[in-house]
Amino acid sequence: MVAENGTKKTNQEETNNVLKSTQTVIHKALEKLGYPEEVYELLKEPLRMMTVKIPVRMDDGSTKIFTGYRAQHNDAVGPTKGGIRFHPGVTETEVKALSIWMSLKCGIVDLPYGGGKGGIVCDPRDMSFRELERLSRGYVRAISQIVGPTKDIPAPDVFTNSQIMAWMMDEYSRIDEFNSPGFITGKPLVLGGSHGRDSATAKGVTICIREAAKKQGIQIEGARVVVQGFGNAGSYLSKFMHDAGAKVVGISDAYGALYDPNGLDIDYLLDRRDSFGTVTKLFNNTISNKELLELECDILVPAAIENQITKDNAHDIRAKIVVEAANGPTTLEATEILTDRGILLVPDVLASAGGVTVSYFEWVQNNQGYYWSEEEVEEKLEKIMVKSFNSIYDTAQTRRVDMRLAAYMVGVRKMAEASRFRGWI
């Protein structure tokens, strides 16, 4: 019991630190841009935070009560937008921090959205298909008054997928008494989903890697790449980099890591991994995640969880470029250390913005009833991500700040200006 409580406390403390560090960088960005203190007071927390209780009839006949959250950070620019995660570690503080990051991502790629985020405290790995459906529909019923195509548009996140989005869309359409594909993104193609949505985050990261490599004079073909995490983003990214001629020398999952200096057989690993992105359990000669992060390589991509590169190991990172595919994998102290060492760090709010960009494309297609080919989606994503990368890189160079602060400066400006024009501040 003590150990369990201790673990929960540690996780909560880490989440609190993530929110505080986010607020710290926002404050610094607003100061650099010359905004008054009241702008920070408006943007440091979500405008709305909803907590709901969801009763679900389980397969054994019992009823279990789940806790769910929905945060809407700022809707001055337009409706809020952000994923829903199903995870036992979901907390109110985490959802708040993630909604702020979504606002920043939308600002960076210049979308007409503010940030939102949702989560349910559950472990979907222990639930049946029907239990997940009841939970998904129950969540939509609980938050239906504050969401919708012009209010707040959910999407998939950790441990949720296109099937869960389909159930949620169907439930909302029943409540609304109108087919509402624009209520949610990340849906199956047959229900109004967009081509390229599943791989959008990884595609955006790949574009950022390519642009960062150009700035550092590194050729992608033959470059040594290490990817921490082999879930949706990490696996697609590994495949994209492998197909581009890079050597993916290391990958990891929750159980360990694999390393081969000559490059791993990514197609083989993708074929063998399970639905949760686990593959290392099939091998005996694994290394630890700590060893993986400290491998000598050209490009390191943390694509797993928060707080992986800290002040304790930042001096041991031997990559030339770090591109954050995960949310919050590098602490502020570590960011400073990496930047001082001449390592180019591409922050999460830029690198992983491909997902929300293609979600926006899906919403636009739903609203107009006209659907694009995969080539059109990729072409539009390419243009937005390259423009966003160059905007932040140029800001970092001209303002003499690190890439994270530059990204926050670009990301926060649109919200601040929209709030000012509305007369809120």
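Count residues from 1 along the sequence.
- Counting heavy atoms from C-beta outward, P329 and D348 have side chains that approach closer than 4.5 Å.
- The closest donor-acceptor contact from the side chain of T160 to the backbone of D157 lies under 3.5 Å.
- Using a distance-only test at 3.5 Å, with no hydrogens or angles considered, no donor-acceptor pair links the side chain of S180 to the main chain of G182.
- The six-membered or imidazole ring of F129 lies near that of W167, with a centre-to-centre distance under 6.0 Å.
- A cation-pi arrangement is present between K215 and Y393, with the terminal nitrogen or guanidinium carbon under 6.0 Å from the aromatic centre and inside a 45° cone about the axis.
- In the model, S194 has no side-chain atom that pairs as donor or acceptor with a side-chain atom of W372 under 3.5 Å.
- Checking R197 against S359 by side-chain atom types alone, a donor-acceptor pair falls below 3.5 Å.
- Considering only heavy atoms from C-beta on, N313 stays 4.5 Å or farther from Q308 through its side chain.
- Residues D253 and T280 have side chains that bring a donor and an acceptor to within less than 3.5 angstrom of each other.
- Between P347 and L345, the closest heavy-atom pair is CD-O, 3.5 Å.
- Annotation: side chain to side chain donor-acceptor pair (under 3.5 Å) contacts involving residues 23-34, sequence neighbours excluded, comprise H27-E37.
- Looking at K414, its side chain never comes within 3.5 Å of a backbone N or O of G411 through a donor-acceptor pair.
- Under the salt bridge (charged side-chain N to carboxylate O under 4.0 Å, His left out) criterion, E291 pairs with no residue, sequence neighbours left out.
- Using modelled atom types and a 3.5 Å distance limit, the side chains of T80 and K151 yield no donor-acceptor pair.
- A salt bridge links E294 with K290; the closest basic N to acidic carboxylate O contact falls under 4.0 Å.
- A donor-acceptor pair is defined here as one N or O able to donate and one able to accept, closer than 3.5 Å; such a pair exists between the side chain of W363 and the backbone of P149.
- Remark: the T185 side chain and the K81 side chain contain an N/O donor-acceptor pair separated by less than 3.5 Å.
- Side-chain contact check for E324 and T330: at least one donor-acceptor pair (N or O, by modelled atom type) lies under 3.5 Å.
- Relative to the ring axis of Y236, K203 does not place its NZ or CZ within 45° and under 6.0 Å from the centre.
- Residues N289 and S252 have side chains that bring a donor and an acceptor to within less than 3.5 angstrom of each other.
- K96 places no side-chain N or O within 3.5 Å of a backbone atom of A71 that could act as its donor or acceptor partner.
- Taking the side chain as every heavy atom from C-beta outward, R224 and E296 approach each other to under 4.5 Å.
- In terms of modelled atom types and a separation under 3.5 Å, the side chain of T331 and the main chain of T310 share no donor-acceptor contact.
- At distances below 3.5 Å, not a single donor-acceptor pair connects side-chain atoms of D75 with backbone N or O atoms of G78.
- Crowding of Y255 atom OH: a count of heavy atoms from other residues, nucleotides or ligands under 6.0 Å not exceeding 12.
- In this structure a side-chain-to-backbone donor-acceptor pair under 3.5 Å is missing from Y259 to L264.
- Note: Y113 and Y360 have perpendicular aromatic rings, judged against thresholds of 30 and 60 degrees for the angle between ring planes.
- Annotation: R420, atom CZ; neighbour count of heavy atoms from other residues, nucleotides and ligands within 6.0 Å is above 12.
- Between the side chains of S352 and K105, at least one donor N or O sits under 3.5 Å from an acceptor N or O.
- Summarising the geometry, atom CD belonging to Q228 is positioned 11.0 Å from atom CG belonging to L295; distances are rounded to the nearest 0.5 Å.
- Here the side chain of N366 pairs a donor or acceptor atom with the backbone of G192 at under 3.5 angstrom.
- H73 places no side-chain N or O within 3.5 Å of a backbone atom of L47 that could act as its donor or acceptor partner.
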